[in-house]
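Quick one: structure below, then a few questions.
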Amino acid sequence: MRYEQPEPPRWRVYGLHLLLFLVTLVTTTLAGIMLTRGGLDFLPLDVFGLRGEALRTELSRGLWFSVPFLGVLTVHEFGHYFTARYNRVRTTLPYFIPFVLGIGTFGAVIRIKDRIFSRREYFDIGLAGPLAGFVVAVPLLMYGFTHLPPLADYLFQIHPEYQQFGADYARHVYPPGAQGITFGKPLIYQWLETWLADPARLPHPYELLHYPVLLAGVLSLFFTALNLLPIGQLDGGHILYGLLGYRRFNRLSTVLFIGFIFYAGLGIFSLHSDRDTWLYGGVPYALYLFVVFRKLLPTPARTVLLAAAVWFGQLALTVALPGVLGNPGWLVFGLLLGRLTGVHHPPAPDESPLSPGRKVLGWLMLAIFALCFTPAPFH
């Protein structure tokens, strides 16, 4: 006889979702305070020791980041949720994931509790989240660009030493070769900036951290693009699977994933790398390539050949184009794709093609991915 565990009471389920949201609101608010101070580190717990006006000032900056940023994430996840419910697919409410580093969260997820039976349902549920998030992220950035404070009233209060240089401060305070934390600007961000922003009020890229609304906007575009990567069972994978079908999509997804890893590791090793780089990094990188590609191929021998081909191709390209570099930060995400979420998409029982209207919307979403994506989101 099989015994099934009873469903937990609703108050406990809803309480867990609400608790995770509130904790994530706290961690992202603290992250907003830390980021607008100009850093990227552990959350600033010293805030809890502040009182009065100092506390209100810090919390205001943090909330101007966390509320719009979490707003976009929430709209994204509820886009999935309501579309799933409309299609009679049972799903959980969003689980928000707090974190004590960086931006204060790993985002949010919902868990599908029923099997999805058609390409159309995969397509609709996958598309609804990023489309809803994008529709909110763009007005958020528009607001940020049209409400930039004068430099004298804002940035020069944070950096009084810049005031003597005026709007030309960047030429004086950032010598050639200076390093700082910057965020890649996707095409839609650049277009909105050019169209809406007052050039006299625009911050230098190294100062973007001090502007919480712009920071929330650019990170919202990054999360939208991340979900729209047309690989595996990401939202973009569901969309492209709906457009192409099981066989064609999985072949293309494999090629895109190999290209993604190829770009991510480009330039880590070259013929000019020092001995220590090869000695201490060579074996871990070889193991990484084997692990990340293992589920793509049926045998370990073929996996070794693929890993060797990618590594050799990376070395050959660095010889042909010595200045070319990828972005090693993507290697971590590549490992999650290769080992956890998977590169291939399962078939649906109903493989009927999409309607013409959905096909147009699907290709439009891939264009939105191109507008939101930048190969180097952080510098």
Side-chain angles (χ1 to χ4, degrees), residues 1-25 70-99 105-136 220 223-224 226-246 249-250 253 295 336-337 339-355 357-359 361-362 365:
M1 183 179 294
R2 192 180 74 176
Y3 295 93
E4 293 187 3
Q5 185 175 356
E7 291 283 336
R10 287 193 175 187
W11 67 265
R12 185 184 300 172
V13 174
Y14 294 152
L16 174 61
H17 289 284
L18 179 60
L19 176 63
L20 287 173
F21 175 80
L22 292 176
V23 172
T24 306
L25 178 62
L70 278 186
V72 174
L73 292 184
T74 301
V75 169
H76 177 118
E77 293 304 325
F78 273 102
H80 291 311
Y81 175 82
F82 286 120
T83 305
R85 295 298 297 268
Y86 177 79
N87 284 278
R88 295 184 174 84
V89 175
R90 291 187 308 140
T91 182
T92 66
L93 289 166
Y95 291 96
F96 288 84
I97 308 171
F99 195 54
T105 181
F106 273 138
V109 296
I110 63 171
R111 184 169 64 87
I112 300 294
K113 301 169 74 173
D114 286 335
R115 186 178 182 186
I116 298 177
F117 282 95
S118 70
R119 276 168 62 180
R120 180 196 61 77
E121 290 174 341
Y122 271 118
F123 177 87
D124 287 357
I125 296 170
L127 178 141
L131 178 60
F134 179 77
V135 167
V136 177
S220 297
F223 271 86
T224 298
L226 198 65
N227 281 281
L228 282 174
L229 277 170
I231 297 173
Q233 296 191 61
L234 297 173
D235 294 340
H238 292 321
I239 294 169
L240 195 58
Y241 160 72
L243 290 169
L244 299 181
Y246 172 69
F249 169 76
N250 281 335
S253 180
K295 289 188 176 181
L336 295 176
L337 285 176
R339 301 301 303 180
L340 295 180
T341 64
V343 176
H344 297 139
H345 198 290
D350 180 3
E351 281 281 323
S352 301
L354 300 178
S355 65
R358 282 187 169 85
K359 289 180 180 179
L361 187 57
M365 286 304 298

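From a predicted model like this one, the values you see are computed outputs, not experimental measurements. The chain is numbered in sequence order, starting from 1. Atom set for the values below is all heavy atoms of this structure, side chains included, hydrogens, waters and symmetry mates excluded.
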Practice task
Take Phe96 and Leu70 through the test side-chain contact (heavy atoms from CB on, under 4.5 Å) and record every step on the way to the result.
Solution key: CA-CA 9 Å; Phe96 288 84; Leu70 278 186; 4.2 Å; yes
Practice task
Show your reasoning for whether ring-ring contact (aromatic ring centres under 6.0 Å, His included) applies to Phe123 and His238.
Solution key: CA-CA 5 Å; Phe123 177 87; His238 292 321; over 10 Å; no
Practice task
Sequence neighbours left out, what passes salt bridge (charged side-chain N to carboxylate O under 4.0 Å, His left out) with Asp124? Give chain and number order.
Solution key: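 Partners of Asp124 by the salt bridge (charged side-chain N to carboxylate O under 4.0 Å, His left out) criterion, ordered by chain and then number, come out as Arg120, Arg358.
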Exercise for the section: Would you name the heavy atoms of Gly232 and Ser253 that are closest together and state the gap between them? Expected result: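 Shortest heavy-atom separation between Gly232 and Ser253 comes out as N-OG, 3.1 Å.
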Problem - Aromatic ring proximity His345/Tyr122, centre distance under 6.0 Å - result: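 Here the rings of Tyr122 and His345 have centres that are less than 6.0 Å from each other.
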Give every donor-acceptor pair under 3.5 Å between a side-chain atom in residues 105-117 and any protein atom, sequence neighbours left out.
| residue | atom | partner | partner atom | Å |
| --- | --- | --- | --- | --- |
| Thr105 | OG1 | Ile97 | O | 2.7 |
| Thr105 | OG1 | Gly107 | N | 2.8 |
| Thr105 | OG1 | Gly107 | O | 3.3 |
| Asp114 | OD1 | Arg90 | NE | 3.0 |
| Asp114 | OD1 | Arg90 | NH2 | 3.2 |
| Asp114 | OD2 | Arg90 | N | 2.9 |
| Asp114 | OD2 | Arg90 | NE | 3.4 |

Practice task
Among Asp235, Asn227, Thr91, find the residue that satisfies the side-chain hydrogen bond (donor to acceptor under 3.5 Å, both in side chains) test when tested with His80.
Solution key: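 Output: one option passes, namely Asp235.
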Practice task
Could you give me the CA-CA distance, side-chain angles and deciding distance for Leu131 and Met365, then say whether side-chain contact (heavy atoms from CB on, under 4.5 Å) is met?
Solution key: CA-CA 7 Å; Leu131 178 60; Met365 286 304 298; 3.7 Å; yes
Handout entry: Within residues 343-354 or reaching into it, pairs that qualify as salt bridge (charged side-chain N to carboxylate O under 4.0 Å, His left out) - sequence neighbours excluded
Key =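 Every pair satisfying salt bridge (charged side-chain N to carboxylate O under 4.0 Å, His left out) with a residue in residues 343-354: Arg119-Glu351.
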Problem - Atom pair OH/NE2 of Tyr241 and His344 - distance to nearest 0.5 Å - result: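 Rounded to the nearest 0.5 Å, the OH-NE2 separation comes out at 14.0 Å.
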Handout entry: CG-CD1 distance between Leu243 and Ile239, expressed to the nearest 0.5 angstrom
Key =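 Separation between the atoms: 8.0 Å.
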Practice task
Any chance you could measure Leu228, atom CG, to Phe223, atom CZ, to the nearest 0.5 Å?
Solution key: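 Taking CG in Leu228 and CZ in Phe223, the distance rounds to 13.5 Å.
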Practice task
First locate atom CG of Leu226, then atom CG of Leu234, and finally report the distance between them rounded to the nearest 0.5 Å.
Solution key: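 These two atoms lie 7.0 Å from each other.
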Problem - Any Phe134 side-chain heavy atom under 4.5 Å of Pro130 side chain - result: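 Phe134 does not reach Pro130 side chain to side chain.
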Handout entry: From OG1 (Thr83) to CG (Leu127), nearest 0.5 Å
Key =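 Output value for this atom pair is 8.5 Å.
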Exercise for the section: May I ask you to check whether over 12 heavy atoms, not counting those of Arg339, lie within 6.0 Å of atom CZ? Expected result: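 Yes.
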Practice task
Nearest 0.5 Å please: distance from the CG atom of Leu25 over to the OG1 atom of Thr74.
Solution key: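 Atom-to-atom, Leu25:CG and Thr74:OG1 are 9.5 Å apart.
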Problem - Least distance between heavy atoms, Gly79 atom then Ala128 atom - result: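 That closest heavy-atom pairing would be O-CB, 3.3 Å.
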Practice task
Over all heavy atoms of both residues, which pair between Phe249 and Leu244 is shortest? Give the atoms and the distance, please.
Solution key: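 Smallest interatomic distance, heavy atoms only, reads N-CB, 4.0 Å.
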